[in-house]
Amino acid sequence: TYVNRGLLHFEQKDFDNALADFENALDIVLQSQDETKIQALKDRLIYSIAQCHHRLAQFPEAIARYEECERMDRTRTDMHYRHDVWIAQA
């Protein structure tokens with residue numbers, strides 16, 4: 001629910017509320033200890049959180065989240081995802 005609402009806020013350019021929803025969703029996913037759910041959602045949520053920080057001109061926070069994305073396993077195996085992260089960092 002938080003993810004869907006966050007996406008709606010993001011689409012409406014309400015980045016403060018989108019950020020709060022994405023962070024709540026990430027907390028819930030990480031607390032679930034369900035590895036399948038964590039692997040499916042963690043990287044997407046962190047990337048979305050970074051996008052919100054960027055849109056809110058919170059650049060140090062955005063860079064920290066993008067760097068967190070870069071350290072994930074997915075960036076080592078998925079070159080398209082790595083490229084997207086690098087473009088977002090720039």
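- Judged by distance alone, the side chains of Gln58 and His53 do bring a donor and an acceptor atom under 3.5 Å apart.
- Remark: aromatic rings of His54 and Phe59 are close, center separation under 6.0 Å.
- Atom CD1 of Ile49 is separated from atom CG of Leu26 by 4.5 Å, given to the nearest 0.5 angstrom.
- Inter-residue side-chain proximity for Phe10 and Gln51 is flagged as met; some heavy-atom pair is nearer than 4.5 Å.
- Hydrophobic clustering of Ile, Leu, Val, Met, Phe, Trp and Tyr side chains at less than 4.5 Å, counting indirect connections, keeps Leu8 apart from Tyr47.
- Residues Asp21 and Gly6 approach most closely at OD2-N, 3.6 Å, considering heavy atoms.
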Using the side chain to side chain donor-acceptor pair (under 3.5 Å) rule, take Asp14 and Asn17 through it: C-alpha gap first, then chi angles, then the decisive distance, then the call.
CA-CA 6 Å; Asp14 183 3; Asn17 286 321; 2.6 Å; yes

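- Within the 4.5 Å cutoff, the side chain of Tyr2 has no heavy atoms near those of the Phe22 side chain.
- One distance of note links CG of Leu41 with CG of Leu30; it measures 10.0 Å at 0.5 Å rounding.
- Considering CG of Leu19 and CD of Glu61, their distance stands at 9.0 Å, rounded to 0.5 Å.
- In the hydrophobic clustering of ILVMFWY residues, with side-chain heavy atoms under 4.5 Å counting as a link, Ile28 and Leu7 come out apart.
- Using a 4.5 Å heavy-atom cutoff, the side chains of Ile38 and Asp34 are not in contact.
- Closest approach of Arg65 to Ala50, counting heavy atoms only: CB-CB, 3.5 Å.
- Side-chain contact check for Leu45 versus Glu23: every heavy-atom pair is 4.5 Å or farther apart.
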